[in-house]
Amino acid sequence: MDSFNNNRNFMKIGFDLPEREFVSDQERRLPQPPVEKAIDSNLRIIELPAVDKNIIRHNIVENGDTIVKRTD
């Protein structure tokens, strides 16, 4: 936990100095952005076919000298 606190304090260094050259959004009293982007109701919805396990195959991916068989 000490490492966490050290890193957190490092990120805060200079943030509270009066000579810093920026003003944070919080200090400007700007509202927080929405958590999710609004969805445009005019977008077209594309229906996808159902998954057929007989069509899905296992891909073999070559990773350098190693061949990995993907099972997902």
Side-chain angles (χ1 to χ4, degrees):
M1 194 58 136
D2 189 42
S3 173
F4 173 79
N5 288 330
N6 289 339
N7 291 335
R8 187 169 187 267
N9 289 330
F10 173 75
M11 295 299 291
K12 293 174 15 177
I13 291 174
F15 194 80
D16 57 350
L17 296 175
E19 66 269 7
R20 67 187 169 135
E21 298 179 7
F22 64 92
V23 178
S24 70
D25 289 348
Q26 189 174 18
E27 290 171 330
R28 292 180 188 165
R29 301 203 183 282
L30 294 174
Q32 290 184 347
V35 176
E36 293 181 352
K37 185 176 178 180
I39 298 175
D40 184 5
S41 60
N42 296 327
L43 293 177
R44 185 173 57 156
I45 296 177
I46 301 172
E47 295 294 329
L48 299 176
V51 175
D52 183 359
K53 297 234 179 214
N54 295 323
I55 297 174
I56 297 175
R57 64 179 183 176
H58 298 287
N59 293 333
I60 297 177
V61 178
E62 189 173 340
N63 183 4
D65 296 335
T66 309
I67 295 178
V68 180
K69 183 177 181 182
R70 294 179 53 188
T71 59
D72 52 5

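Numbers here simply count residues along the sequence, with the first being 1. We use all heavy atoms of the structure for the numbers below, so side chains are in, but hydrogens, waters and symmetry mates are not.
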For [X], give me all partners under side chain to side chain contact (heavy atoms under 4.5 Å, CB included), at least two apart in sequence or on another chain.
X     : value
Arg8  : Phe4, Lys12
Val35 : none
Asn7  : Ser3

Which residues, ordered by chain and number, are linked to Leu30 in its hydrophobic cluster, where ILVMFWY side chains connect at heavy-atom gaps below 4.5 Å, directly or through other members? none
Within a radius of less than 6.0 Å around CD1 of Ile39, do more than 12 heavy atoms belonging to other residues, nucleotides or ligands occur?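 Result for CD1/Ile39: open.
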